[in-house]
Each structure stands twice: as C-alpha cells, then as structure tokens.
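Okay, so here's the structure we're looking at.
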Protein chains: 2
Amino acid sequence: MSVSIKDIARAAGVSPSTVSRALNDHPRISQATKARIRQLAQELGYTPSLPARSLVTRHTATIGMVITTAADPFLARLVQGVEETAEKNGYSVFMSSSYRNAERELEVVRAFHERRASGVIITGSQIDDGYLQLSSQFPLPIVLINCRAYPYSVYVDKLSGARQAVEHLVQLGHRRIAFIGGPHGHRSNLDRFAGYRQILEENNISQNDSLIFTGEGTIESGIQAARHMLTIPQPPTAFFCFNDLTAIGVIRALQQAGAEVPRDCSVVGFDDLEMASHYCPSITTVRQPTHRLGQRAISILLELIQGNSNLQPERLPAELIVRESTGPVSEAGLKPYA
Amino acid sequence: MSVSIKDIARAAGVSPSTVSRALNDHPRISQATKARIRQLAQELGYTPSLPARSLVTRHTATIGMVITTAADPFLARLVQGVEETAEKNGYSVFMSSSYRNAERELEVVRAFHERRASGVIITGSQIDDGYLQLSSQFPLPIVLINCRAYPYSVYVDKLSGARQAVEHLVQLGHRRIAFIGGPHGHRSNLDRFAGYRQILEENNISQNDSLIFTGEGTIESGIQAARHMLTIPQPPTAFFCFNDLTAIGVIRALQQAGAEVPRDCSVVGFDDLEMASHYCPSITTVRQPTHRLGQRAISILLELIQGNSNLQPERLPAELIVRESTGPVSEAGLKPYA
DNA sequence: TTGTAGGCGTTATCAT
DNA sequence: ATGATAACGCCTACAA
C-alpha cells in the first residue's frame with residue numbers, strides 16, 4: 001500500500017540503502033543524490049514505517065500513558081507535563097483508558113508492550129506494586145503516578161495536603177468535621193484520612209465515626225454524603241472532601257437543603273480543578289502540582305529507559321488554596337433533617 | 001531484550017514456525033506440542049511483537065484518535081463509544097492531543113501514520129476538508145467528528161440544537177437574547193449563530209449587534225461576556241452560550257453582579273456536561289449524543305478500512321434539555337452597570 | 001560515494 | 001505435523 005524505500009529506490013535508479021542513507025542524512029552520501037532522493041520521497045508522499053524501523057533499531061520512540069478516563073480534569077496539565085518533556089526527547093505519547101478497572105489496565109499495558117512502547121506511565125493504577133511481580137510479564141519500564149508503594153513513581157504528599165486542609169478548618173473553629181472519603185482502601189484515600197485523624201488528634205478533638213462517609217469521588221456521591229450527614233443528630237459544621245467533584249456535590253446538596261456555604265457550613269475539596277475557582281461559592285481546595293507531576297514522571301521514565309534503575313519514589317508537595325467555601329464556624333450550623 | 005519466538009523454539013526443541021502455529025492455533029499442529037509450547041511461552045513471559053507481525057500481516061489493529069485536550073469533558077462518552085465498537089472488532093484505540101493547533105494536529109496524524117495505524121479519528125480538527133488535499137501524504141483512512149465539509153465524518157446537527165435553544169427562550173418571552181459565540185469562524189460556531197438568527201427572524205425580532213459577543217468557549221470568556229453585557233445600555237434578558245463552560249462563566253459573573261438566574265436573566269448552554277445538571281442553578285443546555293457520535297465515527301472508519309469509500313457525512317440530532325437556568329422574562333431584568 | 005547482504009521478529013508458502 | 005525458506009520495510013556493516 002504505502003510507498004516504501006524500495007519504491008523510491010526504483011524511481012531514483014539507486015539502491016534502497018542509498019535511499020535510507022539520504023533520508024537519515026548519513027555522512028557518506030553525496031549532497032546531490034541526497035537532495036534528489038529527498039525531493040522524490042516528498043513527491044511520492046513517503047512516510048517511513050516505524051514498525052519496520054523499530055525492528056532493527058529496537059526503538060519505537062513511543063511512550064504509553066494509561067489514564068483512567070479521557071475526561072478526567074486532573075489530566076489536563078498532567079498530560080501536558082508529560083508531553084512537553086517527552087517531545088523534547090523525541091518521544092510521542094499515546095493514551096489509553098483503564099476506567100479504573102484492573103483487568104482493563106493490564107490489557108492496556110499489554111497492548112503497549114505488544115507494540116513495544118519504550119515505556120509506560122500509569123495514573124490511577126489499580127495494580128500498584130503488583131507490577132513488581134508482573135515485571136517478567138511486562139519487561140518494559142513502568143512509572144506510576146500517585147502510587148508510592150511502587151519504587152518507580154512520583155506522588156503528591158496528600159497526607160500533608162489533608163493536614164493543611166483540616167488544620168485550616170480547625171483554626172476557623174470547626175470541631176465537627178466530616179470526612180467524605182473516596183474509593184475505599186486506596187492509598188490516596190488512606191493518606192487523606194490519616195491527615196484528617198492526625199489533625200483531630202493534635203487538637204484533642206475526638207474522632208466521631210458517624211462523621212465518616214465513604215464515597216466514590218463523584219458529584220453524585222458528594223450529594224449522597226451531604227444528604228446523609230443532614231440526617232444525623234449532630235450534623236458536621238464542615239466537610240473535608242476526597243476531591244472537588246465530591247465537594248461540588250456536597251455544596252449542591254447543602255444548598256438544596258436550604259443551607260448556605262460557608263455561612264452555615266464549610267466545605268474543602270481536593271485537586272483544584274479549574275471549576276473550583278469558578279464555582280459559586282469558589283472552593284477552598286488542595287492543589288496538586290499536576291504539571292510538575294507529569295514532568296517528573298516522564299523524567300523518571302526516561303531515566304529508566306536509559307537503564308538507570310537506582311531510583312526511589314519521589315514526593316511532591318501539595319498546597320492549600322483558601323477560597324470562599326470555608327469560613328468561621330457558625331452559631332447556627334446545619335439543622336438535622338433540614 | 002524481549003523473549004522472541006526463536007527463544008521459545010530453541011527451548012522447546014522445535015522450529016520457529018511451529019511455535020508460530022502453536023501460538024496462533026493454526027489447524028495443522030498436534031494438540032500435544034501446541035499445549036507444550038503455549039505453556040513454555042507463558043513461562044518465558046512471551047509477548048508477541050506487533051511491529052514484527054504487522055510487517056507481514058500489514059495490519060496493526062490500531063486506531064489513532066486525535067483529541068483536543070485530555071481533560072475535555074466532551075470526550076468522556078465519545079471515547080467510550082469509539083472504544084467499545086473498536087474493541088469488539090479487535091482494535092485498540094490510542095489518543096494523542098492536538099491542543100487545537102493545526103500544526104500539532106498534522107504532527108499527530110503523521111505520528112499515527114508512521115506507526116501504521118489502521119485509521120484515525122479526529123475531533124476538533126483545525127484542518128477540516130484540508131485532509132482531502134493531504135490524502136496522498138496520509139494514505140490512511142481518516143474520519144472527522146463534527147466537521148461536515150469532509151466526506152468521511154459524523155456531526156451533530158447544531159443548527160437544529162441552536163434553533164431549539166433560542167426558540168425555547170423566545171417562548172419564555174425573551175426578545176433581547178445575547179449570543180455568546182465560540183472561536184470565530186468555526187463551523188460549529190457558525191451553525192449556532194445561524195440557528196440564533198433564524199429564530200429571531202422567524203419571530204420578527206430584529207438582530208442587535210451589541211448583543212453578539214465572540215468568546216473562546218471557556219469559563220473565563222463567559223465571565224468576560226457577561227461583564228461586557230452588563231455595561232451596555234439595554235442588557236439582554238437571556239444568554240445563548242456557545243457551550244456549558246461559557247454558560248457557567250456567564251452565570252457566575254451575573255451572580256457576582258448581584259443578579260439572580262433565572263429570575264433576572266436566563267442562560268442556555270451547549271454540550272450537557274455532567275456539571276450542567278449539578279451546577280446551581282442547573283443549566284438548560286443542548287445535548288449532543290456523544291456516545292453515539294463515537295460509535296458512528298468508528299463504524300464509518302471500519303467501513304473505510306474495509307475499502308468501502310462510498311460514504312457521506314452523517315448527521316446526528318441534538319436535543320434541548322430544559323433545566324433551572326431558564327425562565328420567563330422578568331419585569332426588572334438586568335440593570336446596566338449592576 | 002554507492003551497492004550487496006544479512007538480520008530484526010513474525011507469518012506464509014512451500015516441502016517433507 | 002513439522003521444518004526450511006522467503007518476505008514484510010528498514011538499517012548497517014562490509015565490500016566495491
């Protein structure tokens with residue numbers, strides 16, 4: 001189908017190797033033929049076959065990226081960070097989605113390996129350090145994002161982020177602070193919870209299990225969480241949410257129940273999506289350095305590709321962004337069954 | 001590096017071709033050796049090399065998808081629609097982002113072609129029917145989404161969507177309806193504008209240029225649009241926005257200026273993002289059948305790959321979703337310089 | 001400076 | 001049922 005190096009050779013009356021040399025500007029070739037062949041290649045619409053080339057060079061210049069879902073707002077600057085550095089080093093980045101499904105995640109990694117990608121970056125992994133066992137099955141460099149159990153990874157210090165968030169609430173006078181968690185058992189969720197507990201403890205606030213809710217990190221689950229909290233005898237005066245989507249759901253449900261944020265109740269999110277600064281009220285949240293996260297991930301991957309395996313998980317700081325959704329604890333607070 | 005078919009052959013004491021047959025369960029091979037070889041392949045952690053295989057089969061089982069940005073909410077169900085059908089037919093889908101930049105878009109298409117992808121689906125193309133001229137440069141099947149100038153494409157009937165939206169506003173009594181457009185000159189923007197004009201005309205409402213604003217389809221540009229509209233002598237009583245992000249920006253700015261939606265002003269979006277139903281107020285918007293859009297795009301691409309080039313642009317209907325952000329025109333309306 | 005030959009990992013077509 | 005051989009498109013010694 002596609003025009004090959006042989007077609008050009010035939011058209012130019014030279015051997016295929018000469019064409020190859022012309023196209024890769026090999027030193028040992030005359031300027032004249034080089035120009036002539038390049039011209040011809042252009043005219044014939046020649047595009048080199050990377051599969052064929054990679055067979056001999058053992059290099060596909062391809063980075064695979066496993067994402068959770070195409071529309072995850074968390075990805076915007078992350079992917080950009082990865083692409084910038086990748087491109088600078090001659091790699092192309094291709095994404096495929098796992099839908100947070102372990103089986104599919106493995107399938108995608110396998111797909112990348114079958115295509116002999118140079119390496120893979122995975123976000124939202126369901127496998128985690130399971131890749132250590134699978135390393136014989138997938139003998140290609142893998143870097144995980146936000147999975148600190150795996151040695152080749154970058155992660156954001158969510159513990160510290162959570163601590164800053166809850167500390168902020170405590171300083172505003174809140175003592176009944178709800179924790180609206182994400183998918184159960186996940187590291188990132190555990191870190192947030194740990195930070196939450198630490199700050200409560202450091203401030204001599206006894207933990208109240210009825211203020212703990214396990215959600216899914218969606219708007220919908222935030223709505224459910226808030227509605228539930230409105231049914232308990234002593235509703236919280238503040239919510240610390242797994243992420244901004246959850247926070248949006250919580251705010252939405254509180255407003256529907258007639259409460260005002262932050263007057264009657266404070267809400268903190270996590271991620272700092274674009275929406276967070278534009279929502280009404282704008283949302284106090286914990287920002288992850290997503291662009292840098294991508295940059296570091298690809299940098300580590302490139303190191304790995306070059307054979308440097310003497311690496312450790314890398315930690316990046318999180319930062320609390322205070323906006324309108326948090327305020328001093330109110331006298332009134334939420335009324336149950338509001 | 002990676003274990004090859006030859007390694008297995010050596011270990012099993014058979015020829016490479018036997019291994020190949022065993023792995024592809026060719027009819028003419030004994031069950032015994034097939035089982036033995038598969039076992040061995042498993043143990044050695046063998047993964048076939050698609051680049052090598054594709055060289056001879058001339059088939060990479062790979063679909064490339066050019067997206068604008070990883071975090072575009074429009075993509076969520078679109079990509080899913082593509083992936084489902086692709087997977088059913090044995091293809092893997094990989095995405096790469098163009099950032100709405102023509103140069104980068106071409107670069108990505110080239111990257112897919114170099115890797116000999118079976119075909120490419122492009123969303124948010126900046127090239128459009130320019131691919132007709134480039135078909136010699138990229139001799140691979142291409143399907144565009146929402147670009148009806150190109151023969152191999154699926155698009156949503158935005159004209160009808162816009163008509164429904166503006167008609168809805170007119171029926172609520174609005175006559176000063178602002179049009180907050182998107183990137184200038186784009187087809188999808190022109191369609192929306194055409195629908196807007198048609199309905200005004202059909203209802204004998206004279207078009208007022210001061211109610212036309214060209215934005216960028218972002219929250220930020222929605223904010224600017226609304227702020228601008230608040231400075232004109234006779235502010236609009238309703239906004240028809242390029243998309244939901246713009247609508248969110250408009251609502252946000254109106255609220256900040258002390259206006260209430262929909263009491264003082266109605267706002268309609270476009271896209272029906274998940275956020276639209278959860279925003280406060282929930283947003284009246286035009287829904288695009290994104291999942292179906294993806295399904296049709298990949299179906300057309302598969303036809304194209306199989307050699308059927310007798311195809312036409314396919315049109316899908318848009319649907320108005322009425323929610324809280326629109327209501328009857330008010331006596332008061334917006335006050336300029338509010 | 002250019003051509004020839006071998007090989008990358010795989011499949012397909014012959015034989016055997 | 002299995003093995004040898006050629007070929008896919010490209011690169012790279014080595015030879016000329």
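What's counted below: heavy atoms across the whole structure, side chains too, no hydrogens, waters or symmetry copies. Every chain is numbered from 1, with letters handed out A, B, ... down the list of sequences. Since the model is a prediction, treat every value here as computed from it, not as a measurement.
- Between A:K6 and D:dC8, a side-chain N or O to OP1/OP2 separation shorter than 4.0 Å is present.
- Nearest nucleotide to the side chain of B:R58, out of D:dG9, D:dT2, C:dT11: D:dG9.
- Distance from the side chain of B:A52 is smallest for C:dG9 among the nucleotides C:dT4, C:dG9, C:dT11.
- Ranked by how close their nearest DNA chain D nucleotide is to the 5' end, A:N24 and B:G13 are led by B:G13.
- The phosphate of C:dT2 has OP1 or OP2 within less than 4.0 Å of a side-chain N or O from A:T33.
- In this structure, of C:dG9, D:dC14, C:dA5, it is C:dG9 that holds the atom nearest to the side chain of B:S4.
- Candidate nucleotides C:dT2, C:dC8, D:dC11 were compared by shortest atom distance to the side chain of A:R53, and D:dC11 ranks first.
- At the phosphate of C:dT11, OP1 or OP2 sits under 4.0 Å from a side-chain N or O atom of B:S20.
- Considering only side-chain N and O atoms, B:T18 lies under 4.0 angstrom from the phosphate OP1 or OP2 of D:dG3.
- Using a 4.0 Å heavy-atom cutoff across all strands shown, B:P48 reaches sugar-phosphate atoms only and no base atom.
- Between C:dT11 and B:S17, no contact under 4.0 Å exists linking OP1 or OP2 to a side-chain N or O.
- Nearest nucleotide to the B:V56 side chain, out of C:dG9, C:dG3, D:dC11: C:dG9.
- Classified by interplanar angle (parallel below 30°, tilted 30° to 60°, perpendicular above 60°), the ring pair B:F94/A:F112 is tilted.
- Contact check, A:S54 against C:dC8: no side-chain N or O comes under 4.0 Å of OP1 or OP2.
- For the pair A:R104 and A:Y99, the cation-pi criterion (under 6.0 Å, within 45° of the ring axis) is not fulfilled.
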